[in-house]
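Lettering follows sequence order; numbering is per chain, from 1.
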Amino acid sequence: MNSAKVEIRDVTKAFRSTGGSQVTALAGISLRIPENEFLTVVGPSGCGKSTLLYIIGGFLKATRGEVLVNGVPVTGPGADRGIVFQKYSLFPWRTVMQNITYGLEEQGVPRAERQEIARSYLRLMRLEGFERAYPRALSGGMQQRVALAQTLACEPDIILMDEPFGALDAQTRKLMQVELLRLWEQRRTTIIFVTHDVEEAIYLGTRVIVMTARPGTVKHDEPIALNIARDKEDYMLNRAFMELKMRIWLNVKEEVERYGEVARS
Amino acid sequence: MAQGKPRVDVDMASGSREPAARRWAALRWLAAGVAHYFSVLLFFGLWEFVARSGWVNPWVFPPVTVSLAEWGRSLATGDIFHPMGLTLLRALGGLTMALGVGITLGLLMGRYRLVEWFFEPLIAIGFPAPKIAFLPLFVLWFGFFNTAKVLIVFTSCIFPLTLYAYHGARSVDRFYLWSALSKGSRGFALLRKVVLPAALPHIFDGFQVALIVSFIVAFVAEMVTGGGGLGFEMIKAAQDAETPRAFAMLFTISLLGYGTIKLAEWLRALLLFWHIEHEAH
Amino acid sequence: MPALRKIVVRFLPLLLVFGAWEALTAPRLIPEDFIPRFAHVLRALGDLLSSAEFYGHAAASFSRVFIGLTISIIAGVALGIGMAWYRWVKRFCEPLVVLSYPIPKPAIIPVFIIWLGIGDLSKIAVIALGCVVPIIISSYNATLSVDRYLVWSALSKGTSERRLLRKVIFPASLPRIAVAIRVAIAVAFILLVSSEFIAANTGLGYLTFSYGSVGSNDYMFATIFLIVAVGFSADRGYAAVMQRVLAWHEFGEL
Amino acid sequence: MKRVVRGVSVLLALVALLAGGAAGHWGFGVAQAAEPVTFRIGTAIPDYAYAFFTERPDILKHYGKSYKIEWVKFTGSGGALSAFAAKKVDLSIMTILPLINAATKYRLDFKVIHSQQDHGVDGHFATTFMARADSGVRRAEDLKGKIAGVNVRGGVLDLALRIMLMKHGLKPDSDVTIVEGQFPHLGAMIRDKKIDLGSIIQPFYSREQKKGGLIDVFTTVDAFETAQPLSFRAAHGSVLKEHAAAVRDYVDDYLRTIAWGHDHREEAVRAYSKTWKIPEETLMDYFLTKKDTLYRRDGVVDVTLLQKVVETLVRTGFLKESVDVSKYVDLSFLPAKR
């Protein structure tokens, strides 16, 4: 009966703020994410989209409701759900190679095999020659490529991405998006991707969710069924794309403005 | 902040609670309070037991209750307040002087190459020098009474203060400096208006270190060179074989230090409200 | 050659200060009772360095410093991380740590003597106790401020909670712990003297005090110079080693 | 995680065990040791016997055979007393006040077994309070409103000063300010007008005399109205009981070094100078002459003189009640007449 890869059932999340008052970040979110989906989540900042991601990851516990992955409730983090953050996904004390092999090491993969797997991801991410470099010696884009390789090397069932390209410059970002799409098209791993960039969300996702301002709920849910080859350079100039972008942006804008008012009052 | 278990979850509480649960929470809170001082109680209990067990001469190592009673007595009669005041005066006097000189010197070192060149090796060498060995000489150089003691506190505190201020000044983001320079700030004004506030978190680190140093050094200076104060009273009590009184002096300095540490933390939160460190919590 | 010049330029201020010292004391502008002539201190230094007995004292002191520091590093890091990780450890240790921090260590030497005797143990204990608190505090703070994303990143790659400490928490807090240890090294050399000032028969601190109390100020200054020289080299050596160990991190100056 | 904790606790337990073991080993080393017995002897830093024992072991007869010594040096007799009371030393230097404290406050079982330095006996040196010749301070009564320096407040010299002031109608704390300075510095402080009077011991007395400009105002003999045993060696009752023969041997060797010092003064000066880095010229001036405190060849502690000091302390109110000193002196460990 349950064909969803990830099922979010009525998830509510309340924090106690520093002032001591309760803040509801998420209010009863329910979602079904089928296998092979590339779900992108957009919304105004502070709407709880990252919180939702962290709950799926098992890092935070929902105040109410639950998340099922492959029909099994999430109780904590696990290697079945890989995560890439905007920053800080890499261990600064490990070299590029050691970072990529980290997860394999943790799963008890023998050394020789680890090296071999890691090497294939080094190639895939075009990181050859940097095996022995430490993260601080790499550019932001390269660091994120390593982070992606680190996560992919564990072959997770689901990849959670928390604004992974948010800190990159525009060009690098574009290249990384293309890279990610290429990967997804090869492997079709289920991806949940949080961003504040509407264009990115439409370009990458097979389905876009717009969240409301705090408390976060699903405001708009739209499958992306543009029948265009996404590797074409003029993809984003396509009329259908522009329309979609406008529709989703209006949704987001409404929430941003509403959030501004909430904050002011 | 600190949670048992790995910090998988960062939120503090979740949802509303039933009244029964709330009662439980209150009970837990109470238990936590007792647990908080459990180690101190245990330590005192152990002390009491050992002192009364006959393993040591109880006049040499008196039970903690006897020492606490003597402490209570000296608090009640007020005869501890005069030495306490003296020690505080010396510690804070020396610290205040060191604050003025150390911070200025540190900031200048951070901004001016010549100052840095001259003082850096002196500070680097002077920091690990055992200041306590110079105590008798300080008395010889600067006389009795408060001068020598205030100066030895000053000498001991100035190293951490200068060092932290220096590193603070050096780590000021150059964009702040450029921004201020482009608006016409120069020389001392630049130091005071940009470098000092930007280096303040570092300076405060140094202040918190120096605060403890000032108490310890003032106390030890009184132990070694006399002239009243908690340290002197402790040594005198030890010489007169009045060990409980010696412990009372130790309790006093420990609590006094504890109080000022807390005060400094409070001050830090008050003064550095704009600094990023508060967003972390 | 340029390296040598750099060293000379760097330590020129020190030479200037010593020069001024000699210039003031040689013609007795400052009476010798107040401060010995710098030349006499150098003479005493040479005399000490050429006597076999001195090395016995130095060995005694430095082994105390070394053992005391080692104990404080092991215990301090373990307790600091433990306090950040386990609520009960924090509950148990925090009041003791905070209350013992401002206690002047030389003042409790008599108590240490009662418990640990007059030999090396009481001196090691003074050094260890004096150094352990800053290490505990820094390790605690360092552990608490480990980026939660790093922890999550590891957890999502199958690191168990048990292994997290070794794989993530410890290496991530290492740079700050390393700084705390550097401070502790300076503290240890300061405490070396205090630890030997009540009851001792060996050690540089003991020499310092005994020369001072019989009025041999030149020798007293000479021993202090030697303690400082060794302390300074230990600090620089440690910094150099840490720069290598923590190559992945921008190891700061302090 | 648990493994780490277990590891750490095992480690801590090990350290504790080691510490305990070591404390047991060193702290009570005397008790069961086979021949020779090791005595831990607490002494003050400028001790003569220490220098002679360590520099000239060839003059000792029993050392290393029936006993050995581990010297522990203290900056003052006050610090030595607490270590003695905690039984961390077997024998210790003692002066009159620590003796009274050991007897009445710590209630120790101990005996004084031989003398070390005597003040003013037989025309020998006694600690002298000096003033600048041009300061107008010639007698104790001139001290009103002045500053006087002693080595340690509450010590025996402080008492001597206070008694002297009281005898001359001055109130110690209100009429005269009493401050602390280290022995080596007091002379310089007088010259520098930081203090008007200071307690000067040897070798500093000789130095000050040579420099001139300072005069003697009074000595401890004037204060206590008697020559007095200044320092002596005390031992725990248990040590005396268990190792009587070894203690006798030690005392015998001690007296041997003192006799050697008197008989071979130049060599003794050399040995002492080498230990404490005091120039030989300074020492030659006074060392083991009448200008020095008396180191008795027979090691006898003059109980009558000591009791007189106690009575002075009682009379002047510094002691509440008298103590019978003879109960704490046992001269039976001194060798029979040589």
Side-chain angles (χ1 to χ4, degrees), chain B residues 1-8 10 32 35-40 43 56 60-61 117-122 124-134 136-137 140-141 163-164 167 170-171 209 212 215-217 219-220 223-224 231 234 238 246 249-250 253-258 260-261 280, chain C residues 9-11 13-14 16-17 33-35 83-88 90-96 98-108 110-111 114 144-145 148 151 155 161 164 183 185-186 189-194 197 205 208-209 212-213 217 220 224 227-228 231-232 235 252-254:
Chain B
M1 250 193 339
Q3 305 229 331
K5 291 279 130 191
R7 286 163 302 142
V8 171
V10 290
H36 196 105
Y37 293 101
F38 172 68
S39 53
V40 178
F43 178 72
V56 286
V60 177
F61 188 74
W117 166 77
F118 189 78
F119 284 104
E120 199 276 334
L122 300 184
I125 297 270
F127 194 27
K131 264 69 85 183
I132 185 178
F134 291 101
L137 285 174
L140 175 64
W141 294 338
L163 216 55
Y164 278 93
H167 287 292
R170 283 215 326 187
S171 60
V209 171
I212 296 302
F215 273 87
I216 292 180
V217 172
F219 191 90
V220 173
M223 277 174 64
V224 178
M234 194 204 92
M249 298 302 150
L250 269 184
I253 190 79
S254 169
L255 253 134
L256 219 55
Y258 177 81
T260 28
I261 292 175
Chain C
V9 169
R10 177 137 194 260
F11 289 101
L14 217 57
L16 288 176
V17 170
D33 286 342
F34 279 77
I35 187 167
M83 274 169 66
W85 210 242
Y86 293 103
R87 203 193 298 252
W88 61 269
K90 180 181 145 96
R91 282 272 155 76
F92 190 81
C93 296
E94 197 183 28
L96 288 180
V98 184
L99 283 172
S100 68
Y101 193 20
I103 293 180
K105 306 308 170 283
I108 44 174
V111 183
I114 292 173
L144 276 189
S145 58
R148 64 172 181 172
V151 175
L155 286 174
E161 288 177 14
L164 204 54
V183 172
I185 289 176
F189 279 90
I190 292 176
L191 283 173
L192 182 157
V193 171
S194 347
F197 103 116
T208 307
F209 273 99
S213 70
N217 280 347
M220 188 190 87
I224 293 175
I227 294 171
V228 170
F232 184 74
D235 175 72
E253 262 284 301
L254 195 76

For B/L250 and B/M234, which heavy atoms make the closest approach, and how far apart are they? CG-SD, 4.0 Å
Among C/G231, C/A107, C/A186, the residue with the most heavy-atom pairs under 4.5 Å to chain B is C/A107
Relative to chain C, which segment of [X] carries a heavy atom at a distance below 4.5 Å: side chain, backbone, both, or neither?
X      : result
B/V224 : side chain
B/F118 : both
B/F134 : side chain
B/I261 : side chain

Examine whether an atom of C/D235 lies under 4.5 Å from a heavy atom of chain B, and if so say whether it belongs to the side chain, the backbone or both; otherwise answer neither. neither
Quick check on C/V9 against chain B: is it the side chain, the backbone, both or neither that has a heavy atom closer than 4.5 Å? both
Atom [atom1] in [X], atom [atom2] in [Y]: separation rounded to 0.5 Å?
X      : Y      : atom1 : atom2 : value
C/S100 : B/Y258 : OG    : OH    : 12.0 Å
B/E120 : C/F11  : CD    : CZ    : 7.5 Å
B/L256 : B/M249 : CG    : CE    : 12.0 Å

Determine whether a donor-acceptor pair (N or O, by modelled atom type, separation under 3.5 Å) exists between the side chain of B/K131 and the backbone of C/I190. no
Any donor-acceptor pair under 3.5 Å linking the side chain of B/S254 with the backbone of C/L99? yes
If we define contacts as heavy-atom pairs under 4.5 Å, which of B/A133, B/G231, B/A238, B/A246 has the most with chain C? B/A133
Based on non-hydrogen pairs under 4.5 Å, which of B/L122, B/I216, B/L137, B/I253 is most in contact with chain C? B/I216
State which residues pass side chain to side chain contact (heavy atoms under 4.5 Å, CB included) with C/S194; sequence neighbours excluded, sorted by chain then number. B/I132, C/P106, C/L191
